[in-house]
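Every chain is numbered from 1 and lettered A, B, ... according to where its sequence line falls, protein lines coming before strand lines.
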Number of protein chains: 4
Amino acid sequence: MNDVEVEVLAEPELAEPVLVEGLPGVGHVGTLVAEHLIEEGEGELVGRIYSEHLPPQVSVSESGLAELVCVECHHVVLGDRDLLVVTGDQQAASGVGHYRIAEAVLDVATDFGVETVLALGGVPTGELVEDHAVLGAAANESLIETLESSGVEFRENEPEGGIVGISGLLVGLGRRRDLDAACLMGETSGYLVDPKSAQALLAVLQDLLDFEVDLTELEERADEMEEVVERMEEIENQNVPTEDDLRYIG
Amino acid sequence: MNDVEVEVLAEPELAEPVLVEGLPGVGHVGTLVAEHLIEEGEGELVGRIYSEHLPPQVSVSESGLAELVCVECHHVVLGDRDLLVVTGDQQAASGVGHYRIAEAVLDVATDFGVETVLALGGVPTGELVEDHAVLGAAANESLIETLESSGVEFRENEPEGGIVGISGLLVGLGRRRDLDAACLMGETSGYLVDPKSAQALLAVLQDLLDFEVDLTELEERADEMEEVVERMEEIENQNVPTEDDLRYIG
Amino acid sequence: MNDVEVEVLAEPELAEPVLVEGLPGVGHVGTLVAEHLIEEGEGELVGRIYSEHLPPQVSVSESGLAELVCVECHHVVLGDRDLLVVTGDQQAASGVGHYRIAEAVLDVATDFGVETVLALGGVPTGELVEDHAVLGAAANESLIETLESSGVEFRENEPEGGIVGISGLLVGLGRRRDLDAACLMGETSGYLVDPKSAQALLAVLQDLLDFEVDLTELEERADEMEEVVERMEEIENQNVPTEDDLRYIG
Amino acid sequence: MNDVEVEVLAEPELAEPVLVEGLPGVGHVGTLVAEHLIEEGEGELVGRIYSEHLPPQVSVSESGLAELVCVECHHVVLGDRDLLVVTGDQQAASGVGHYRIAEAVLDVATDFGVETVLALGGVPTGELVEDHAVLGAAANESLIETLESSGVEFRENEPEGGIVGISGLLVGLGRRRDLDAACLMGETSGYLVDPKSAQALLAVLQDLLDFEVDLTELEERADEMEEVVERMEEIENQNVPTEDDLRYIG
């Protein structure tokens, strides 16, 4: 196969579609949002990107089917909005690979008429977060204004060190193609899968793109995560010796 | 030389041949099976794959001959079955290399008329194993059924994290070529070369492909390994100080 | 995009221009000098080099604009001197990448008529430095003489182990193109950003290329760094327990 | 520049030339021999190989000249023997690079009419060696016989794990080109530069290729190394506390 290979599965006509990318990253925030959109919008798989720059790996489904690692594009309709949602189990395995796959994603997007690219991700704060702000970085100033009016924050020198990986490249390479590209990053501790940060990001998307999705499932996952955190704290506390433990030792 | 170079040494006519791959991996399970098939079936070397994606290395034979690292294809006849057995001392040295060599193996296989690909390996359990189950992952559902009827187990979410390396890719890329491709993995501790797991895998292959091979040699190697394990346990026990040691110290 | 892509933004006519490179490295000495030249000389951005061999990353400006990592070329006029100043946030991410980007920089330089290449950097001494000598390595002997007369020192076996990265390659590949190429390296501890070493390097450049720039800003940064160092020493001293601390413990 | 670039500096007519390679490796044994041959035979530089697969680096000469890292080919005449001696400061920086540079060396060799390739190196024993045997691995059996009659030893399963890097590839790829290629490896501790092992290797070469070189310089370097080892042992002994040290402590 070629270096990067695009498999087109369907070619629906889309009206001013918006690309939404959510590949694995900090707190799986981008992935949670992207998968939620596909599920709630009953997305149609329209394309796959295979590449030797992805890890040399197959994933195995619950029934035992082996599938070559790839990046998937789903067409999702929410309200009047056509979305092209990009997800997958893996990012590229090298720097050059990140560039090649980002270019391939933009090529597919361009073929579908995409002019707006939203790359989703998490930004690590290093501590447990109560209020999940959504930070932004964008390819042009008018887009910054639009995003700010939907609740996205633009803070000086954040994220420090820039944005690495496919999300950064979709914006950087998208800008070179004159696309309206932005990266939206939900604040998250960085230690755990974070459905709450994903909810915050979804709230921004709903406002920005004017659609509504049922959040029940994400809320349930958020509750589950909260229980996990509570159980972890309990276990931690149990390891502190109680008076009884001390007696026993003594 | 090119990136990947195939050297064809013989072109026998094969009847519905099955590709069996056993390159080095967990517990050397795949390699043990593949080499056993070649030895018992008095395999004929029909091709070699050289590549700059393999390690930059020669192996040295007992007599002092230096041979460039390569992947070898042997034609093996067992019962009425034509096998194309793929072995070698090394896997590719990079992710891209794994893709390139897997594609080359599939190209050779296709040239010989192969439509079924069985990639062999071990799946680590992290502890010593008594009963060596054989787990599977396959390119399509009818193959899953066939394999199950020969004793292969398909378990939800196993192997966790998918299958990495050439075995995974032969199935993943094989599926894209519409081949009947599967990965068969013998359970093994992951710490030692495991001829017992290889025997379990061979039992599945014999049932599936309807041939029989003498297992004496593998059984002998299994006995040897058992002795090694016993001796290791003895040494470990000897390091626990006995009463006499304590007296001597005191 | 291609492997390496040059974006030309302006094509001024330059008279015997000199290329001055200052990409990130030891003590950020080269970067400090290059950025100072651009600022004081009110440089014009004439070209950008993008490449998949740079890290897969965007930087984010204070206002929230995301910019793909690149190498920038500014045209700077100081006195009667035309300079082509090469800077950027990142060096290449691999050995091959260093070669490709160095070649691209030399291609751009050649297009502008450059025949002299000065690659700037720092050479680590491992201890705090009072007098910042400027060491050199050059593509030919007559250039060595010229540089020596401007205060550059050429010491036997320094820098040990040669010069790695784009600065080394601009000289090595420049020599193969018959350019007058040299590497000028300010001595620096190697632990901190070093504006004093940058000043020493600028003094050499001023003498060599016959121009003058206002050094006020670099001097201010040097003063700031001195304060940082002093504060670090204070903090270190505070961690030594005082008599009071000892009483409290006891 | 291309991936690999050969610069031809002279094209002498050679009679049945033998390629002798000595690039950096274990104990610098190969390098010591190759450089000794060039010096004693007053070798003429006939070609250089530059490559982006070598480290991105220049070396700096004593006078301050910067030279791009490369592999050098010298023509050396010793007795009636034409040698093509391959040396350099660095090996390739990646596995693929090793293949590319080994192929380039063989291309140059073929252009000069080489049919015999001797790759020199050291084989680590892990302890100080008194008698420096020379081990071999060769591309064909008649060459093994010839080498044995010149004192080269062929031992079962040595070197364990095969031969990695350019020396191994020159033999492995040389064999694929039907060249008489062999690797000759002097036993050495593996901890220090080893001129004694180099002498043992030279003795084999003198017998095999029927020439004589003055060994004085290598003997002097061997004496120097012996002094270094003695001094190291003295220092080590000084660190063992003497009776006086103990009194002082007590």
For this session: Check the surroundings of atom CD in D/E115: do more than 12 heavy atoms from other residues, nucleotides or ligands lie under 6.0 Å from it?
Result: no
Exercise. Say you draw a straight line from CG of D/L170 to CG of B/L68; how long is it, rounded to the nearest 0.5 Å?
Worked result: 11.0 Å
For this session: Mark yes when over 12 heavy atoms from residues, nucleotides or ligands other than B/D223 sit less than 6.0 Å from its CG; otherwise mark no.
Result: yes
Problem set entry | CZ (B/R221) with more than 12 external heavy atoms under 6.0 Å | no
Exercise. Above 12 or not: heavy atoms from other molecules or residues under 6.0 Å from CG of D/D89?
Worked result: no
For this session: Output the option from B/C70, B/G97, B/P55 having the highest count of non-hydrogen pairs under 4.5 Å with chain D.
Result: B/P55
Problem set entry | Smallest separation among heavy atoms of D/P159 and B/V60, with atom names | CD-CG2, 4.3 Å
Exercise. With chain B, which of D/S94, D/A139, D/G165 has the greatest number of heavy-atom pairs at distances under 4.5 Å?
Worked result: D/G165
Exercise. When you look at D/L169 and B/Q57, which way does the side-chain contact (heavy atoms from CB on, under 4.5 Å) test go after all the steps?
Worked result: CA-CA 6 Å; D/L169 289 187; B/Q57 197 173 338; 6.0 Å; no
Problem set entry | From CZ (D/R100) to CG (B/D3), nearest 0.5 Å | 7.5 Å
Problem set entry | Side-chain touch B/L65/D/E141, heavy atoms, less than 4.5 angstrom | yes
For this session: Answer yes or no: does atom CD of B/E44 have more than 12 heavy-atom neighbours from other residues, nucleotides or ligands under 6.0 Å?
Result: yes
Problem set entry | Distance in Å, D/H98 NE2 paired with B/E52 CD, rounded so as to fall on 0.5 Å steps | 12.5 Å
Problem set entry | Non-hydrogen side-chain atoms of D/Y99 and B/L54 separated by less than 4.5 Å | yes
Exercise. Among D/I163, D/I144, D/V164, which residue forms the greatest number of heavy-atom pairs with chain B at distances under 4.5 Å?
Worked result: D/I163
Seminar exercise, completed: Heavy-atom nearest pair, B/E62 first then D/E156, reads O-CG, 3.6 Å
For this session: Give a yes or no on whether B/D214 atom CG has more than 12 heavy-atom contacts from other residues, nucleotides or ligands under 6.0 Å away.
Result: yes
Problem set entry | Greater than 12 external heavy atoms within 6.0 Å of D/E11's CD | no
